[in-house]
> 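Let me give you the structure first, and then I'll get to my questions.
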Amino acid sequence: MATRWGLCHVGKISHDFSVDMKTLPPGDHQIVVVAARSLERAREFAKKHSIPKAYGSYEELASDAEIDMVYLDVLHTEHWRLGLLVLQAGKNMLCEKPFAMNSREVGDLIAASKKSNVFLIGVYNLQFVLMVFNGERPESIHATGVLLNSGMDEPMVVMKFPRNRLAFCFFSIAVSLPNNATISGTTGTIRVLTKESTNAKQCLIYTGLKENPRMPLSESALLTEIMDECRKQVGMVFNQDSQ
């Protein structure tokens, strides 16, 4: 039985998600609903991607009983508010990066998912590091970077883990990067790729899990703590940090 997806937003990433979804077997995944703040935009998106239903509000999406999983792709400043709307409505959710603005908001989303007994997964670039190091807390975090006029930050992060293991991470919106992740050891190098939608289906449908064992919510909470520390060192402060 196909996992029935509802898209929360009609931005570029939702477009890319919809295109990628078509590469998967239709018996595994189907996008059945899309919602936006504008019904006209939702209908345009639905027509472009052959999605049966379109809503002009996120509340309608959250209350649709025919959805198995919601893909949350609104601006990350809205992840906390709309994430709570979706989770408290009893919907499973895949949240686009970053999970939320800070550790407090992520904690609220995790608590809501557990209270509603639904599946939740949030992703971010640094999650790969915690997957490699089995969710260990780094011994030290060193972050540097620049703040752009747009308000975005360009950080480089070095994390030291027990037994002299290091993780080097660089992110940029200003320059083109290879967009890959590698594990380098004494005998070789490994590149790892994964599909979030497939992992979500395996957890939700096949095993009934409420979180991905490869990316558990405890690691998502730790990841946000790491990101909070990185932002602090770089000098990036959000309004939500004082709330």
Side-chain angles (χ1 to χ4, degrees), residues 8-9 11 13 71-88 93-115 119-163 165-175 177 179 181 194 196 210-243:
C8 191
H9 197 40
I13 299 179
Y71 176 57
L72 187 65
D73 176 37
V74 294
L75 289 174
H76 60 290
T77 54
E78 291 291 287
H79 282 188
W80 176 76
R81 182 178 69 87
L82 293 178
L84 289 179
L85 172 69
V86 169
L87 296 169
Q88 290 171 352
M93 188 173 78
L94 167 61
C95 185
E96 185 52 64
K97 60 184 181 294
F99 206 159
M101 298 297 288
N102 54 32
S103 295
R104 176 187 59 80
E105 291 191 351
V106 168
D108 288 346
L109 292 173
I110 292 174
S113 72
K114 292 183 181 299
K115 184 175 181 179
F119 178 87
L120 173 64
I121 184 172
V123 295
Y124 197 66
N125 315 58
L126 284 174
Q127 194 103 34
F128 180 78
V129 175
L130 296 184
M131 291 174 68
V132 171
F133 293 121
N134 295 316
E136 294 180 49
R137 182 179 293 273
E139 293 180 337
S140 64
I141 303 169
H142 298 281
T144 187
V146 296
L147 300 179
L148 305 178
N149 292 333
S150 63
M152 302 292 290
D153 59 325
E154 296 273 293
M156 181 177 71
V157 181
V158 179
M159 289 180 278
K160 180 182 178 182
F161 289 84
R163 303 192 301 279
R165 295 168 297 163
L166 298 173
F168 302 89
C169 309
F170 180 59
F171 315 96
S172 177
I173 196 173
V175 299
L177 296 173
N179 194 31
T194 185
E196 298 149 10
K210 303 306 178 184
E211 57 184 297
N212 190 320
R214 291 188 176 182
M215 292 186 287
L217 294 174
S218 59
E219 287 189 15
S220 295
L222 172 57
L223 171 63
T224 313
E225 292 180 28
I226 293 172
M227 292 174 60
D228 285 351
E229 176 60 26
C230 291
R231 287 195 297 107
K232 180 180 178 181
Q233 293 185 24
V234 173
M236 171 66 75
V237 180
F238 295 147
N239 292 333
Q240 290 83 353
D241 293 336
S242 60
Q243 297 176 359

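These numbers come from the heavy atoms of this one structure, side chains and all, not from hydrogens, waters or symmetry mates. All values reported here derive from a predicted model rather than from experimental measurement.
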> Who pairs with Phe133 by ring-ring contact (aromatic ring centres under 6.0 Å, His included), at least two apart in sequence or on another chain?
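For Phe133, the residues satisfying ring-ring contact (aromatic ring centres under 6.0 Å, His included) (neighbours in sequence not counted) are Phe161.
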> Provide the closest heavy-atom pair for Asn134 versus Glu219 in the form atom of the first, atom of the second, distance.
C-OE2, 3.8 Å
> Do the side chains of Leu72 and His9 get nearer than 4.5 Å, heavy atoms only?
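No, too far: nothing below the 4.5 Å cut-off.
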> Answer yes or no: is there an ion pair linking Lys114 with Glu211, defined by an N-O contact shorter than 4.0 Å?
yes
> Should Arg165 and Val132 be marked as a side-chain contact (heavy atoms from CB on, under 4.5 Å) after you check the CA-CA gap, both sets of side-chain angles, and the distance that decides it?
CA-CA 11 Å; Arg165 295 168 297 163; Val132 171; over 6 Å; no
> Please confirm whether the backbone N or O of Leu84 pairs with a side-chain atom of Asp108, one donor and one acceptor, at under 3.5 Å?
no
> How far apart are the closest heavy atoms of Ala221 and Val106, and which atoms are they?
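Heavy atoms of Ala221 and Val106 come nearest at CA-CG1, 4.3 Å.
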> Between Lys232 and Asp228, is the closest basic N to carboxylate O distance under 4.0 Å?
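Looking at Asp228 and Lys232, the cut-off is not met.
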> Could you tell me if the side chain of Val74 sits less than 4.5 Å from the side chain of His79, heavy atoms only?
yes
> Ignoring hydrogens and geometry, is there a side-chain-to-backbone donor-acceptor pair from Glu225 to Arg137 under 3.5 Å?
no
> If you compare all heavy atoms of Asn239 against all heavy atoms of Ser242, which two are closest, and at what distance to 0.1 Å?
O-OG, 3.0 Å
> Is there side-chain contact between Glu139 and Pro162, with at least one heavy-atom pair below 4.5 Å?
yes
> Test of understanding: with salt bridge (charged side-chain N to carboxylate O under 4.0 Å, His left out), list the residues that count as partners of Asp73, not counting sequence neighbours.
none
> Please determine whether side-chain contact (heavy atoms from CB on, under 4.5 Å) holds for the pair Phe99 and Leu109, giving the CA-CA distance in whole Å, both sets of side-chain angles, and the decisive distance to 0.1 Å.
CA-CA 9 Å; Phe99 206 159; Leu109 292 173; 3.8 Å; yes
> Find out whether Ile226 and Val129 are in side-chain contact, i.e. whether some heavy atom of one side chain is under 4.5 Å from a heavy atom of the other.
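Not in contact.
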> If you apply the rule side-chain contact (heavy atoms from CB on, under 4.5 Å), what do you find for Ser220 with Gln127, and how did you get there?
CA-CA 7 Å; Ser220 295; Gln127 194 103 34; 3.7 Å; yes
> After noting the C-alpha distance and the side-chain angles of Trp80 and Gln240, does the key distance pass the side-chain contact (heavy atoms from CB on, under 4.5 Å) rule?
CA-CA 10 Å; Trp80 176 76; Gln240 290 83 353; over 6 Å; no
